[in-house]
Amino acid sequence: MQYKIPRGTYDILPQDSRQWHKVISVFRETAQSFGYEEIVTPVFEQADLFERSSGESSDIVRKEMYRFEDRKGRIFALRPEGTAPVVRSFVENHLDATARINRLYYIGPMFRYDRPQAGRYRQFYQYGVECIGSHHPYYDAEIIALQNTFLQRLGLKGITLEINSVGCATCTKDYEQALIRFYEPQKAELCPDCLERLNNKPRRLLDCKVPHCKTISAKAPVMLDFLDADCRSHFEQVQSYLKLMNISYTINPHIVRGLDYYTHTAFEFLNNSLGAQNAVSGGGRYNGLLKQIGGMDLPAVGIAGGFERLMLSLKQEQIMPADEFRPDVYLILMGKEAIRMGIPLMNRLRQTGLAVIFDPDKASLKAQLKAADGCKARFAVIIGADEVTSGKLSVKNLDSKEQISCSFDELFRILGSPSLP
Ligand code: HAM
């Protein structure tokens, strides 16, 4: 029997893992340069945390959560997203006591039981940032600027930013009434999911991907026309900060976001050449979430993005963020005496941080030099019978093909070792 990887998951193979880690490190550096610190939470939480925060009527809760019962009958879920766990940890660990503004970032696998397709997986990796503690519209812009800087540092050019305001609880009421008045007469034409949405969360109708529903929704009233004075002013101030930061955007009044916790600003970074799964990242302000899950009444704003869609975007734009791995030394030891001399040398080289490859089961010098070229080593260091007699080493620069004989100490200088052990 041959085992197969579960549907909707994938392996990161060695040839791709350097690019993967490079992208992660660019994200970490960017987040840290904005003053954000890492928070790591478990991959599973009480299912109720997500049911309450994402919303019972959201697709994530209704269809996509990996829910399970443990041996003691407790109900958990593999996390479908990172915001609720971060907020749970923030509340549980009283992080509000450590600083007025908490800037947090996270990286890790998330799980959603969705129909797999290009850019959509059942286990996917998210990077996210959350800024907890202030209403100020500057922070909405800071979160957007952080994501924008990250994309710029990766060299991506084909990504656009769309923003919207989903208002607050007060202005949402009038808006939802207007939506019901708009959709009711066209009820017969809506998909079954949208009929349910009309009863639970009319705003979600705007997010439906069914073509006919999309055509109907194109004419639906938009939240921007229902914003109260505070929400309107907040949205205008966010835009003025984006302008000061020279960040281009368009206003898309149809952004609703798939999770229930958003208030005020909502935003998405899109790569339209990715096809249906074009959202590279998305987020917004969620002022009510901390209180909703039993914490203090603190406002917050954040964003999260999928690494897979970033990697696809990098591939499309032919950007290779990481250099290929090149070992510094391929060590060739011919015979027992050479091994006696060479293994301690190998240890010293590795202790200085140099990457050394040694293959004792390759027989001939020719085969080993071929292997050294094959793994793109910078130098081959050879100890054979002559070297054992002379106490010197042969060093071959595998780029220039030049070969010299040198002492052990000279070798460290040739390799540019940071320190002589
Ligand atoms: P989200 O829009 O559900 O928001 O997900 C954020 C990003 O995760 C998406 O834009 C997409 O790049 C990626 N993503 C989502 N589902 C999948 C999937 N099945 N396969 C691959 N990538 C996927 C959130 O998760 C919010 N927690 C964002 C947030 C943070 N809001 C405030 N703070």
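Excluded from the calculations below are hydrogen atoms, water molecules and symmetry mates; all remaining heavy atoms, backbone and side chain alike, are included.
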**OP:** Over all heavy atoms of both residues, which pair between Val256 and Val166 is shortest? Give the atoms and the distance, please.
**Re:** O-CG1, 4.2 Å
Subject >> Check: Leu95 main-chain N/O paired with Asn102 side-chain donor or acceptor under 3.5 Å >> reply: yes
Original post:
Would you call Asp207-Lys201 a salt bridge at under 4.0 Å N-O?
Top reply: no
Original post:
Quick one: does Ile216's side chain get under 4.5 Å of Leu190's, heavy atoms only?
Top reply: yes
Subject >> Trace of the side chain to side chain contact (heavy atoms under 4.5 Å, CB included) decision for Tyr175 with Leu227 >> reply: CA-CA 9 Å; Tyr175 177 52; Leu227 293 182; over 6 Å; no
**OP:** Test Arg67 against Glu51 for salt bridge (charged side-chain N to carboxylate O under 4.0 Å, His left out), laying out the working first.
**Re:** CA-CA 11 Å; Arg67 239 170 153 267; Glu51 285 157 2; 2.7 Å; yes
Original post:
Can you tell if the side chain of Ile60 reaches within under 4.5 Å of the side chain of Phe50, non-hydrogen atoms only?
Top reply: no
Subject >> Test log, rule side chain to side chain contact (heavy atoms under 4.5 Å, CB included), inputs Glu29 and Ser25 >> reply: CA-CA 6 Å; Glu29 283 157 21; Ser25 69; 4.3 Å; yes
**OP:** Please check if any side-chain donor atom of Ser281 sits under 3.5 Å from a side-chain acceptor atom of Gln147, or the reverse.
**Re:** yes
Original post:
Using the benzene-type ring in the case of Trp, are the ring centres of Tyr10 and Tyr121 under 6.0 Å apart?
Top reply: yes
Original post:
Side-chain donor-acceptor pair under 3.5 Å between Asn278 and Asn271, yes or no?
Top reply: no
**OP:** Grab the two heavy atoms, one from Lys63 and one from Asp193, that are nearest each other, plus how far apart they are.
**Re:** NZ-OD2, 2.9 Å
Original post:
How about Glu130 and Tyr106: does a side-chain donor come under 3.5 Å of a side-chain acceptor?
Top reply: yes
Original post:
Hey, does Met334 have a side-chain heavy atom less than 4.5 Å from the side chain of Ile383?
Top reply: no
Original post:
Is Arg88 paired with Glu92 through a side-chain N to carboxylate O contact shorter than 4.0 Å?
Top reply: yes
Original post:
When you check the gap from the basic side-chain N to the acidic O, do Arg62 and Asp59 get nearer than 4.0 Å?
Top reply: yes
Original post:
Are any of the side-chain nitrogens in Arg120 or Glu308 under 4.0 Å away from the carboxylate oxygens of its partner?
Top reply: no
Original post:
What pairs meet the side-chain hydrogen bond (donor to acceptor under 3.5 Å, both in side chains) rule with one or both residues in residues 246-267, with sequence neighbours excluded?
Top reply: Glu81-Tyr261, Thr83-Tyr261, Asp140-Thr265, Glu162-Asn252, Arg204-Asp260, Gln239-Tyr249, Lys243-Tyr249, Arg257-Tyr262, Arg257-Glu268
**OP:** Over 60° means perpendicular and under 30° means parallel, so classify the ring planes of Tyr125 and Trp20, tilted if in between.
**Re:** perpendicular
Subject >> Heavy-atom neighbours of Glu189 CD exceed 12 at 6.0 Å >> reply: yes
Original post:
Nearest heavy-atom pair of Val329 and Ala377: which atoms, and what distance?
Top reply: C-CB, 4.3 Å
Original post:
From Ile357 CD1 over to Gln368 CD, what is the distance, rounded to the nearest 0.5 angstrom?
Top reply: 12.5 Å
Original post:
Is a salt bridge present between Arg326 and Asp399, judged by a nitrogen-to-oxygen distance below 4.0 Å?
Top reply: yes
Subject >> Residue Glu38 excluded, over 12 heavy atoms near CD under 6.0 Å >> reply: yes
Original post:
If you take all heavy atoms of Cys213 and Cys194, which pair is closest and at what distance?
Top reply: SG-SG, 3.9 Å
**OP:** Applying side chain to side chain contact (heavy atoms under 4.5 Å, CB included), run through Phe379 and Asp328 and close with a yes or a no.
**Re:** CA-CA 6 Å; Phe379 292 93; Asp328 299 296; 5.8 Å; no
**OP:** Tell me, please, which residues at least two apart from Gln292 pass side chain to side chain donor-acceptor pair (under 3.5 Å).
**Re:** none
Original post:
From Phe27 CZ over to Tyr105 OH, what is the distance, rounded to the nearest 0.5 angstrom?
Top reply: 7.0 Å
**OP:** Answer yes or no: is there a side-chain heavy-atom contact under 4.5 Å between Asp96 and Thr98?
**Re:** no
Original post:
Tell me, do Asn347 and Leu349 make a side-chain contact under 4.5 Å, heavy atoms counted?
Top reply: no
Subject >> Side chain proximity check, Asn287 to His135, heavy atoms < 4.5 angstrom >> reply: yes
Original post:
Please walk me through it: do Glu142 and Tyr138 pass side-chain hydrogen bond (donor to acceptor under 3.5 Å, both in side chains)?
Top reply: CA-CA 6 Å; Glu142 176 174 289; Tyr138 160 75; 2.6 Å; yes
**OP:** Indicate yes or no: at least one non-hydrogen side-chain atom of Ile101 is less than 4.5 angstrom from one of Ile132.
**Re:** no
Original post:
When you look at Asp359 and Tyr330, which way does the side-chain hydrogen bond (donor to acceptor under 3.5 Å, both in side chains) test go after all the steps?
Top reply: CA-CA 9 Å; Asp359 290 325; Tyr330 191 94; 2.6 Å; yes
Original post:
Take atom NZ in Lys401; do more than 12 heavy atoms of anything else shown fall under 6.0 Å from it?
Top reply: yes
Original post:
For Arg197 and Cys191, which heavy atoms make the closest approach, and how far apart are they?
Top reply: NH1-SG, 4.5 Å
**OP:** Verify the neighbour count for atom CD of Gln318: are there more than 12 heavy atoms of other residues, nucleotides or ligands below 6.0 Å?
**Re:** no
Original post:
Any idea which heavy atoms bring Gln123 and Pro109 closest together, and the distance?
Top reply: NE2-CB, 3.5 Å
Original post:
Using 30° and 60° as the class limits, which term best fits the ring planes of Tyr66 and Tyr113: parallel, tilted or perpendicular?
Top reply: perpendicular
Subject >> Aromatic contact, Phe307 with Tyr127 (centres under 6.0 Å) >> reply: yes
Original post:
Should the heavy atoms of other residues, nucleotides or ligands under 6.0 Å from CE of Met245 be counted, would the total exceed 12?
Top reply: yes
**OP:** Evaluate the side chain to side chain contact (heavy atoms under 4.5 Å, CB included) criterion for residues Val280 and Leu310: first the C-alpha distance (whole Å), next the side-chain angles of each, then the deciding distance (0.1 Å), finally the verdict.
**Re:** CA-CA 6 Å; Val280 171; Leu310 266 189; 3.8 Å; yes
Original post:
So with a 6.0 Å cut-off around CG of Asp323, is the heavy-atom count from everything else above 12?
Top reply: no
**OP:** Compute whether any side-chain donor of one residue and acceptor of the other, for Gln237 and Ser233, lie under 3.5 angstrom apart.
**Re:** yes
